[in-house]
Amino acid sequence: MTSLFTFDLLRCSDASSARRGVFSTPRGTVQTPAFMPVGTLGTVKGVEIETLRASGAEMILGNTYHLSLRPGEETVAALGGLHAFSGWEGPILTDSGGFQIFSLAKMAKIDERGAVFRSHIDGRIVDLTPERSIAIQEKLGSDIAMVLDHVVGLPCERGRIEEAMYRSIRWAKRCQDAARNPKQALFAIVQGGLEPDLRRICAEELTALDFPGYAIGGLSVGEPPEQMYEMIEATVPHLPAEKPRYLMGVGKPEDILNGILRGIDLFDCVMPTRNGRNAMGFSDHGPIRIRNAKYERDSRPLEDDCPCPGCKRSRGYLRHLFLAKEMLGPMLLAIHNLTYYQRLVARARKAIEHGTFERFYRERLDGWSRGHEPAV
RNA sequence: UCCCUGAUAGCUCAGUUGGUAGAGCAAGCGGCUGUUAACCGCUGGGUCGUAGGUUCGAGUCCUACUCGGGGAG
């Protein structure tokens, strides 16, 4: 496993925990810090493969729970695995279904064995255990599998956080024992809510189990961003420096830079695609709500220097597409946002290489907080 | 010429036995963080066709008129 998956640190910042690395997998390398678009059902919604590649994405996500319900991991395997099935030839990371235990909690019963779901599609019972999650992910054939974890919403009383955290460690061990495929790396997930000492304990115990990568989970589930940043700071020092660190489900552009500043290497989030479909475009000047009337006759692109296909059109045109409910509107804004996120992490990588990341960080946060651009 | 029927928000329409009006869509704005989301939420907006009458009180009842739809001759 160590030979197939390597993580090389090219440079670590002197002034912060930011670091520039390369994560290598049998299906290609990933320049870090990296942002991974979310492709829950074997597609990054509304974005074709070449476009996704052109946006700069190197690794994408898939989801164990969703794909096992539809079309089913056996079907994906029969069609050649998730890569052949979807057409994405680069690295794929599959989430374990742990987040769905949380987000579909009304339909799930959780105990030490695992979680029993009612399918959100047809109400059928789904039995998701650590072993089953690994078996599904091996059938899907992703390059990185995630351990099944127990996520709790925040804020939450310490007792429940602690219980879920220790259970997550035991489930991580069971996932590790169940994993068979040497071509698939298994990442562990640190839980512990907003309790710094629980975060530390979890990080240390998982580190002792020696995983090829570590994720920080259970954040951006209701807590203010400052608390999320504090939890990253409480966790990162207790993770092995030579392994990639993945902040799950995060986040807004400012969250990404705050994560990088604190030593995170990998990010994923639905925000660029979902918010894009919902008519919000990201930019260096903050969000652009393209439905707003002020863009009706705005001939400028979303961003002047963006190479994405959406930025070959005017804001007025993009607004028209949304008001007319044309599917191209959501597609173009999703593509723009993915491109924006990729350009953001690319700039961050360059800045780390040049030893100027902290300045880049301050300039960007300042630009977003000013929140407006020069008048037309 | 007569009879019937309709006129309520920008649009299509609800409005119980009379107690000064609602919905959907549209519009404006906001939210979205390991996707149950091309989704969800909030807001604005109407001298109830016009003029009279009955009534304590009329979008609701009566009369006339205007405009639209249907029918008879």
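Chain letters run A, B, ... following the sequence lines, proteins first and then strands; every chain starts at 1.
Pairs engaging residues 20-36 of chain A under the salt bridge (Lys or Arg N to Asp or Glu O under 4.0 Å) rule: A:R20-A:E353, A:R27-A:D143 [sequence neighbours left out]. Residue pairs meeting the salt bridge (Lys or Arg N to Asp or Glu O under 4.0 Å) criterion with at least one partner in residues 238-248 of chain A, sequence neighbours excluded, are A:D210-A:K243. The list of salt bridge (Lys or Arg N to Asp or Glu O under 4.0 Å) pairs with a residue in residues 285-297 of chain A, not counting sequence neighbours, is empty.
For A:R313, there are no salt bridge (charged side-chain N to carboxylate O under 4.0 Å, His left out) partners at least two apart in sequence or on another chain.
The residue A:D268 sits close only to the backbone: its heavy atoms come under 4.0 Å of sugar-phosphate atoms, none of a base. Base engagement by A:I189 is indicated by at least one non-hydrogen atom pair under 4.0 Å involving a base atom. A:D149 comes within 4.0 angstrom of a base, heavy atoms only. Counting non-hydrogen atoms under 4.0 angstrom, A:R289 reaches the backbone sugars and phosphates but no base.
Side-chain atoms of A:E73 do not come within 3.5 Å of backbone N or O of A:Q137 as any donor-acceptor pair. Looking only at distances, no side-chain donor or acceptor of A:T43 sits under 3.5 Å from a matching main-chain atom of A:G39. Listed for the A:T129 side chain is no donor-acceptor partner under 3.5 Å among the backbone atoms of A:R113.
For the P atoms, the distance from B:rU33 to B:rA9 is 39 Å, rounded to whole Å. A gap of 16 Å separates the C1' atoms of B:rG44 and B:rC25, to the nearest Å. One P atom belongs to B:rG34, the other to B:rC29, and the distance between them is 27 Å to the nearest Å.
Protein chain A touches strand RNA chain B; the 5'-most and 3'-most nucleotides with an atom under 4.0 angstrom of its non-hydrogen atoms are B:rA26 to B:rC39.
Between A:V221 and A:R274, the residue anchored nearer the 5' end of RNA chain B, judged by the nucleotide with its closest heavy atom, is A:V221.
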Check your understanding: Dot-bracket for RNA chain B: what is it, with Watson-Crick or G-U pairs under 3.5 Å, [ ] where a pair crosses earlier ones, and | for a pair to another strand?
Key -> (((((((..((((.....[..)))).(((((.......))))).....(((((..]....)))))))))))).
